[in-house]
2 protein chains.
Amino acid sequence: MKVTGDQALVKKINKSIILHTIRMHSPISRAKVSEVTGLNKATVSNLVAELCGQQLVTEAGPGESSGGRKPLMLHFNEMAGSVIGIELRVKQLKAVLCNLGGGILHERDSVLENHDFPYVLGQMQQMISELIATAPPSHYGLVGIGVGVPGMVDEHGVVLFAPNLGWEMVDLRSILESAFAVPVTIDNEANAGAQGELNFGAARDVRHLLYISAGSGIGSGIIIGGELYKGARGYAGETGHMTIEAEGKPCSCGSRGCWELYASEKTYDNPGLSLPARTTTGLVKYALEGQPDTLSHFNSIGEYLGIGVTNLINSFNPELIVIGGALSEAEPWLGEPLRRVVAERTLPYHKQQLEITFSRLGSRGTMIGAGFSAVMHFLGNIRVTL
Amino acid sequence: MKVTGDQALVKKINKSIILHTIRMHSPISRAKVSEVTGLNKATVSNLVAELCGQQLVTEAGPGESSGGRKPLMLHFNEMAGSVIGIELRVKQLKAVLCNLGGGILHERDSVLENHDFPYVLGQMQQMISELIATAPPSHYGLVGIGVGVPGMVDEHGVVLFAPNLGWEMVDLRSILESAFAVPVTIDNEANAGAQGELNFGAARDVRHLLYISAGSGIGSGIIIGGELYKGARGYAGETGHMTIEAEGKPCSCGSRGCWELYASEKTYDNPGLSLPARTTTGLVKYALEGQPDTLSHFNSIGEYLGIGVTNLINSFNPELIVIGGALSEAEPWLGEPLRRVVAERTLPYHKQQLEITFSRLGSRGTMIGAGFSAVMHFLGNIRVTL
DNA sequence: AAAACTTTGTTTAACCAATATACAAAGTCA
DNA sequence: TGACTTTGTATATTGGTTAAACAAAGTTTT
């Protein structure tokens with residue numbers, strides 16, 4: 001979008017800076033906000049007054065004195081409104097009602113019997129309506145809906161292609177926006193998960209994060225400089241179809257040797273493989289008993305995860321890697337081979353300060369992240385780059 | 001960097017918008033600038049007056065009338081200063097003196113006998129001094145030096161690691177800045193090449209570009225939204241060590257099956273391979289005569305290039321791919337297998353509107369791009385993101 | 001050729017947000 | 001009690017954009 005400078009822009013920038021400073025450091029005094037932002041005390045006072053008028057910030061009594069007048073502590077008003085975060089999975093639909101701070105107020109869950117779009121949409125709309133009914137009264141009410149989808153999503157919220165659902169070119173955003181009359185953000189499931197871990201999970205305050213969602217396929221959410229990197233058309237991170245074996249197994253995408261054929265739940269589909277179960281949850285039970293085929297298979301998945309992760313490290317050089325998705329349940333058996341392979345294969349400069357963890361939000365990360373996208377869309381975020 | 005809003009910022013933003021509008025659309029009238037930027041006519045007049053005072057913009061007589069008073073055409077003053085762009089290769093040092101519009105004024109070239117840092121630095125400094133001596137008199141004189149280096153460069157211009165030169169942790173920027181007392185920008189060679197093609201070559205006005213530099217190794221320059229994407233620490237695009245064969249050939253980086261072992265000049269090193277020459281230039285001569293081993297080898301390199309390019313397409317989804325570097329000389333033999341493999345392996349959404357070309361600037365792309373980095377550093381570029 | 005209209009670029013006055021400065025309020029410390 | 005500190009507000013100033021009027025220099029119509 002074309003943006004020129006005028007005084008309205010200045011005000012928008014500073015107000016946004018102040019709001020997010022309060023949101024991140026709450027409770028905080030006006031004086032402290034002035035100090036950390038570099039803005040003049042008077043400017044902070046004026047804009048805080050407006051934010052209070054908008055109910056986004058509240059005054060919460062005096063704080064501790066540090067040798068002078070007691071500060072008046074400011075809070076980000078998490079309860080000024082609510083959002084709904086939804087995760088659409090292959091066989092399941094999960095949703096939460098959150099406040100503006102990402103706190104979960106209510107949770108819903110349902111099983112999907114098929115992937116027909118009208119059926120899934122109906123389930124989704126019903127779940128949204130139920131959650132709206134449970135929402136506590138607030139100044140803004142429901143301010144947005146965020147959805148995490150297992151597929152490629154363009155910048156307008158159109159689901160271009162979701163192979164596991166059999167969807168193509170579904171304008172989910174427009175449909176939900178006209179149904180509920182609130183802004184809707186649609187994100188790739190891995191991008192949503194990355195935002196969840198970044199703001200509420202294992203990656204708080206990390207600037208450069210790589211989130212790998214390993215489940216029925218593999219997708220990656222990439223955070224650069226504290227912000228989600230969406231790439232050209234909004235669908236960077238389609239890494240599951242990265243070739244790691246030039247002449248490897250043929251893939252449904254038309255290519256060969258795709259990463260997700262070796263390091264996702266797709267590996268369970270090989271009928272020649274001797275496995276006591278064909279789901280991650282099932283296999284985890286056997287792994288706990290030490291079943292050899294299972295242990296060896298998890299070891300293989302871990303190693304192949306390591307190969308793909310190494311490729312991504314070479315391209316993006318993150319500080320932290322978080323493994324999420326259904327396979328993160330198998331952390332005890334995947335962690336060692338994954339870390340071993342990455343250590344063997346990465347360039348020396350990447351090894352420094354590189355950490356690999358597994359998701360901390362577990363199965364909730366994606367929907368919380370999707371909800372957070374809606375929060376940020378409501379609050380706005382404006383930045384200046386030199 | 002922390003930026004807050006005030007009137008000085010507004011002015012900086014608008015002045016930058018106006019300057020770059022004139023630079024891109026020159027010659028253009030004040031009225032037209034006001035129209036395309038959305039800024040008020042008075043604002044444009046005031047800031048243009050300042051830019052004229054700074055010698056960055058010049059008035060160049062009246063233009064064609066369109067039914068009213070004739071417009072006073074404005075030019076970006078390319079001759080207000082000059083920059084030096086340098087490409088450091090494994091066996092060669094190349095440099096140009098450019099004006100601010102990327103026009104080449106003088107060119108220098110020298111052979112490197114070894115890679116000892118003091119020797120190379122000496123050669124580079126001598127070349128810079130010679131070019132400075134030939135610079136025409138101008139208002140700002142030499143305003144910067146840009147260098148493209150075959151290796152990883154951090155955000156402070158330190159060459160972290162350049163395997164083909166045997167360099168590690170060389171603070172090239174500081175050294176050159178204190179030697180010549182002008183700002184110096186150090187870029188990875190592929191990033192510089194990408195900027196060259198974007199501004200002056202095969203990729204003008206492309207918003208999402210992937211530039212592949214294939215030579216003694218492989219590196220990638222990634223342009224997202226019209227801007228160079230440098231990643232976390234400034235060294236995104238180290239794609240040569242992407243694994244494309246999980247259990248492939250061992251690489252000096254410690255990993256196996258790295259892309260550049262299959263698709264760069266490194267393939268010539270295999271002594272078991274029957275080849276009539278061991279340089280790209282040499283092989284091109286044989287290929288022109290139809291020598292079978294050569295043709296088959298170029299075919300193989302083309303196919304493997306296609307595999308890695310596909311992986312990058314899946315992650316970045318560019319509009320255009322430009323192949324540069326020494327191997328681009330072999331375009332007639334690489335193009336077909338490369339495009340064929342990409343067409344076979346990419347997801348359908350990437351196939352649409354995806355074009356693959358070879359470098360148009362040839363061996364000059366990198367140094368012109370490096371010089372352009374220095375120009376942009378001098379002019380400044382400030383943006384606001386909503 | 002004169003009058004009416006168009007387009008370009010400048011001048012003027014108004015507006016508005018941030019800022020420095022002064023100041024008031026409310027605390028701590030000796 | 002009195003000096004000092006810290007917090008937050010009030011006031012005048014600064015400096016940028018802008019709308020509107022205007023001047024200058026064309027073209028088109030009558």
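Residue numbering restarts at 1 for every chain, and letters A, B, ... go by the order of the sequence lines. What you see below is based on every heavy atom in this structure, not just the backbone, and it leaves out hydrogens, waters and symmetry mates. Computed from a prediction, not measured in an experiment: that's the story for all the values here.
- Distances from the side chain of B:Val10 to the nucleotides D:dT17, C:dA18, C:dT8 place D:dT17 closest.
- Remark: P of D:dT9 and CG of A:Leu47 are 12 Å apart, rounded to the nearest angstrom.
- Summarising the geometry, the separation between NZ on A:Lys15 and P on C:dC16 is reported as 15 Å, rounded to the nearest angstrom.
- Between B:Lys41 atom NZ and D:dC22 atom P the separation is 14 Å, expressed in whole Å.
- Of the N and O atoms on the side chains of B:Thr43 and B:Asn46, not one donor lies less than 3.5 Å from an acceptor on the other residue.
- Ring orientation note: the planes of B:Tyr229 and A:Tyr229 are close to parallel, at an angle under 30° on the 30°/60° scale.
- Rounded to an integer number of Å, the gap from CG of A:Asn14 to P of C:dA17 is 11 Å.
- Remark: P of D:dT7 and CD of A:Glu59 are 15 Å apart, rounded to the nearest angstrom.
- Within the structure, every side-chain polar atom (N or O) of A:Asn46 is placed at least 4.0 Å from both OP1 and OP2 of D:dT9.
- A side-chain N or O of A:Gln54 and one of A:Lys15 form a donor-acceptor pair less than 3.5 Å apart.
- Taking atom CG on A:Leu9 and atom C1' on C:dC16, their separation rounds to 14 Å, with Å as the unit.
- Counting heavy atoms from C-beta on, the side chains of A:Phe76 and A:Leu379 come closer than 4.5 Å.
- Counting only heavy atoms from C-beta on, A:Ala31 has its side chain closest to D:dG8 among D:dT18, D:dG8, C:dA17.
- For C:dA26, neither phosphate oxygen OP1 nor OP2 lies less than 4.0 angstrom from any side-chain nitrogen or oxygen of A:Lys70.
- The side chain of A:Asp6 lies closest to D:dT18, out of D:dT18, D:dT7, C:dT8.
- Contact annotation: the side chain of B:Ser373 approaches that of B:Gln195 to within less than 4.5 Å [non-hydrogen atoms, C-beta and beyond].
- Projected onto DNA chain D by closest heavy-atom contact, A:Asn40 and A:Gly68 fall at different nucleotides, the more 5' of which corresponds to A:Gly68.
- At a cut-off of 3.5 angstrom, counting only N and O atoms as typed in the model, there is no donor on one side facing an acceptor on the other between the side-chain of B:Lys11 and the base of D:dG16.
- Of the candidate nucleotides C:dT7, C:dT10, D:dT7, C:dT7 has the atom lying nearest to any side-chain atom of B:Arg69.
- At C:dT10, one or more side-chain N or O atoms of B:Arg30 fall inside 4.0 Å of OP1 or OP2 (strictly under the cut-off).
- For A:Thr43 and C:dT19, the shortest distance from a side-chain N or O to OP1 or OP2 is below 4.0 Å.
- Computed from coordinates, the A:Ile18 CD1 to C:dA17 P distance equals 13 Å when rounded to whole Å.
- The 5' end of DNA chain D is approached more closely, in terms of each residue's nearest nucleotide, by A:Ser29 than by the other of B:Gln7 and A:Ser29.
- The nearest whole Å value for the distance from the CG atom in B:Leu72 to the P atom in D:dA23 is 19 Å.
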